[in-house]
S.K.: 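The structure is given below, and queries will be raised subsequently.
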Amino acid sequence: MRFDLVLFGGTGDLAWRKLMPALFQAFRHGTLPEGGRIIAVARDDLGHEQYRALIRERFDGVELAKRPTPDEFERFGALLHYLRMDLSQPPHYTRLAALLNERGADTVVMYLATAPSLFTSVCEQIAAVGLNGPQTRVVLEKPLGHDLQSHQAINDTLRRVLREEQVFRIDHYLGKPSVQNLFALRFGNALFEPLWRRETIANIQITIAEALGVEARGAFYDQTGALRDMVQNHALQLLCAIGMEPPINSSANAIRDEKLKVLQSLKPWSPDTIGQHVVRGQYAAGHGLPGYTQEKGVAPGSATETFMALRTEIGNWRWAGVPFYIRTGKRLAARDAHIVVNFRPVPHPIFRMPSGAANRLVIHLQPRDGLELHLLAQGAAQQRTEPALSPAQLNLDFDQRFGTERVGAYERLLLDVIAGRLNLFVRSDEQEEAWRWVEPILQHWKNDPAGPRPYAAGSWGPSAASAMIARDGFCWSEEM
Ligand code: BG6
């Protein structure tokens, strides 16, 4: 299969950090279809050889095991081409069309690793030069819009020039092996299904904690914040994966239909519930680390949230009344993403056991990828005295079991785009529904003079997040 992959933003951060390393890994693993061209597009005045040299230099910064040997780069570099384009200039698209039409590849992937403000105009220009035919697939990075209205405007343009199945909306969390394991756990094993409901589950917690701050992305992040950057997309996709009904098959639309239903069933917000069930925070200096407003590119006195926690419910027969908590933030105590499924305690205890003890399934997403099933057991010490139980756990570490050389998120997603597999991409109605659900929070914050609560960099976020969950009689996983 001959493909052309056009990488708009070919000299940008995403191309350097994620896409080129992922394409190289696919090349090394022999999974990148042969006969492809990778055409990097950017404004810089470069030739093919100069661009190849830049990429080769970049690989020097990559960990040794993922760095190409000179021979490998020789062969991989031959796939790389460079086209200078000013994306605001229609005649430049004509040049692109000439380059692509001359070859007539079976599949043309347009990867928009550019500023989101360019998405609609680039798609319109692609269509204007006739490059929106059925062989074309367009990949869009998040964020797709800033709020519901701007998101709908982008979608309206996309619908005018492309068919839904040509649009690959990336949420790189769906490409993570750990997230695919979550689908495998739920829909490849019958064990948990009868327990996966309100009768047995007390609450579910989704945590995506980052130890890093905003790094070099202060200016972008200050316009974005945790709700738009992490919750509207990654966290809600995880919530869908954990809460959705089993799809009728593994086709993209069957999976997306079920995820959409979860988003449509989320409890709508009112000013009262936002006040009680949503906490926003911003990191202040702590543990020797600077505060958010001291970061480069961040406006002094900025009210952008770098942390948020919320409580919601999925209004359907399976989940009615079960709280789902989401929490994410930058500069937290650790890089740790996991989901905790807390089961209800036994209805009538006959043993002595630690107060509040109950079964718990922890799904580790990163940096560890594995499962922990917390049980209660009778240890040797207790057998000598009176019947009493203490916690014990079953562990499954996917890296140990399957090796760490599993396919990375971007590698997997790029191969899926080239092969036309939409399963791990987000459909427009899902994305729109997610924006619709977060919109009242965005509006509420706009008019709320209180602003985000400060938390010390390197901590677990503002104490209000613990108070919120404590009101339901629960606590976050690290407080257990
Ligand atoms: C991105 C966000 O989508 O995800 C970043 O824009 C965030 O702010 C990143 O750091 C986290 O991804 P990962 O794969 O490191 O958890």
Side-chain angles (χ1 to χ4, degrees), residues 9 12-19 21-22 25 62-63 66 111-117 119 139-146 151 168-182 206-239 241 280-283 289 292 295-298 302 304-308 326-339 363-369 398-399 404 406-414 424-426 431 434-435 438 457 461:
D13 188 56
L14 187 71
W16 296 136
R17 277 191 312 112
K18 302 277 187 191
L19 304 179
Q25 287 308 316
V62 168
E63 65 178 285
K66 303 213 160 140
Y111 199 119
L112 272 64
T114 62
S117 54
F119 287 170
V139 187
L140 298 170
E141 273 288 337
K142 65 172 249 297
L144 225 59
H146 198 65
H151 176 75
F168 288 68
R169 296 173 176 81
I170 283 226
D171 183 308
H172 77 281
Y173 267 60
L174 292 180
K176 287 182 188 279
S178 51
V179 177
Q180 281 155 47
N181 263 324
L182 173 55
I206 299 171
T207 295
I208 312 176
E210 296 186 87
L212 292 177
V214 291
E215 308 306 295
R217 296 159 77 227
F220 159 79
Y221 193 88
D222 209 31
Q223 301 298 316
T224 309
L227 176 55
R228 292 183 179 96
D229 190 44
M230 296 296 286
V231 175
Q232 187 273 340
N233 32 70
H234 306 321
L236 285 183
Q237 284 294 324
L238 292 181
L239 181 113
R280 61 172 160 162
Q282 186 188 80
Y283 61 86
L289 297 162
Y292 174 68
E295 303 272 16
K296 196 162 156 260
V298 172
S302 165
T304 299
E305 78 289 356
T306 60
F307 172 96
M308 89 171 279
I326 289 177
R327 171 176 66 150
T328 184
K330 298 222 178 260
R331 280 276 186 251
L332 294 182
R335 175 170 186 253
D336 186 2
H338 61 261
I339 300 174
I363 304 161
H364 287 283
L365 304 173
Q366 66 185 26
R368 277 178 59 198
D369 177 2
F398 287 116
D399 286 337
T404 46
R406 281 176 300 143
V407 179
Y410 271 97
E411 182 181 348
R412 168 74 201 252
L413 294 174
L414 280 161
L424 299 178
F425 296 83
V426 184
Q431 245 179 8
W435 275 115
V438 302

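The residues of the chain are indexed from 1 along the displayed sequence. In each ligand, atom 1 is the first atom listed, and ligand 1 is the first ligand listed.
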S.K.: Near Gln366, which atoms of ligand 1 are under 4.0 Å from a heavy atom of that residue?
M.R.: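 Contacts of ligand 1 toward Gln366, numbered from 1: 13 (P), 16 (O).
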
S.K.: Between the side chain of Glu295 and the main-chain N/O of Glu215, is any donor-acceptor distance below 3.5 Å?
M.R.: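 Flag not set: sc Glu295 to bb Glu215 has no pair under 3.5 Å.
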
S.K.: Check for a donor-acceptor pair, side chain of Gln282 on one end and backbone N or O of Thr304 on the other, with a separation under 3.5 Å.
M.R.: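 It does hold such a pair.
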
S.K.: Mark up the atoms of ligand 1 that fall under 4.0 Å of a heavy atom belonging to Glu210, in ascending order.
M.R.: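 Near Glu210, the atoms of ligand 1 are 7 (C), 10 (O), 11 (C).
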
S.K.: For ligand 1, which atoms sit closer than 4.0 Å to a heavy atom of Lys142?
M.R.: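 Near Lys142, meaning under 4.0 Å from one of its heavy atoms, ligand 1 has 1 (C), 2 (C), 3 (O), 6 (O).
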
S.K.: Parallel, tilted or perpendicular: which one describes the rings of Phe168 and Phe425, with boundaries at 30° and 60°?
M.R.: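 Rings of Phe168 and Phe425: perpendicular, as their planes differ by over 60°.
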
S.K.: Starting from atom 8 (O) of ligand 1, what is the nearest protein heavy atom, named by residue and atom, and what distance separates them?
M.R.: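 Nearest protein contact, heavy atoms only, for atom 8 (O) of ligand 1 is Asp229 OD2, 2.6 Å.
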
S.K.: If every non-hydrogen atom of Gly9 is compared with every non-hydrogen atom of Ala15, which pair is closest and at what distance?
M.R.: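 The pair with the smallest heavy-atom distance is O-CB, 3.5 Å.
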
S.K.: Describe, in one word, how the ring planes of Tyr221 and Tyr292 are oriented to each other, choosing from parallel (under 30°), tilted (30 to 60°) and perpendicular (over 60°).
M.R.: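 It falls in the perpendicular class, over 60°.
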
S.K.: Answer yes or no: is there a donor N or O on one side and an acceptor on the other, between the side chain of Ser178 and the main chain of Asp369, under 3.5 Å?
M.R.: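 Side chain of Ser178 to backbone of Asp369, a donor-acceptor pair under 3.5 Å: no, none is there.
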
S.K.: Number the atoms of ligand 1 from 1 as they appear, then name those within less than 4.0 Å of a heavy atom of His172, with their elements.
M.R.: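 Near His172, meaning under 4.0 Å from one of its heavy atoms, ligand 1 has 1 (C), 3 (O), 4 (O), 12 (O), 13 (P), 14 (O).
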
S.K.: Taking 4.0 Å as the limit for heavy-atom contacts, which would you say applies to Tyr221 with ligand 1: side chain only, backbone only, both, or neither?
M.R.: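 None of Tyr221 does.
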
S.K.: Tell me which protein heavy atom sits closest to atom 15 (O) of ligand 1, plus the residue, atom name and distance to 0.1 Å.
M.R.: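 Scanning the protein heavy atoms, the shortest distance from atom 15 (O) of ligand 1 goes to Arg335 NH2, 3.9 Å.
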
S.K.: Enumerate the atoms of ligand 1 whose separation from the nearest heavy atom of Lys176 is less than 4.0 angstrom.
M.R.: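 Atoms satisfying the 4.0 Å criterion: 13 (P), 14 (O), 16 (O).
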
S.K.: Note the single closest protein heavy atom to atom 16 (O) of ligand 1, along with its residue, its atom name and the distance in Å.
M.R.: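 Ranked first by proximity to atom 16 (O) of ligand 1 is Tyr173 OH, 2.4 Å.
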
S.K.: May I ask you to list the atoms of ligand 1 that are less than 4.0 angstrom from any heavy atom of Lys330?
M.R.: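 Listed by number with element: 5 (C), 7 (C), 8 (O), 10 (O).
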
S.K.: So, does Arg335 use its side chain to make a donor-acceptor pair with the main chain of Glu210 at under 3.5 Å?
M.R.: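 Between the backbone of Glu210 and the side chain of Arg335 there is no qualifying donor-acceptor contact (under 3.5 Å).
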
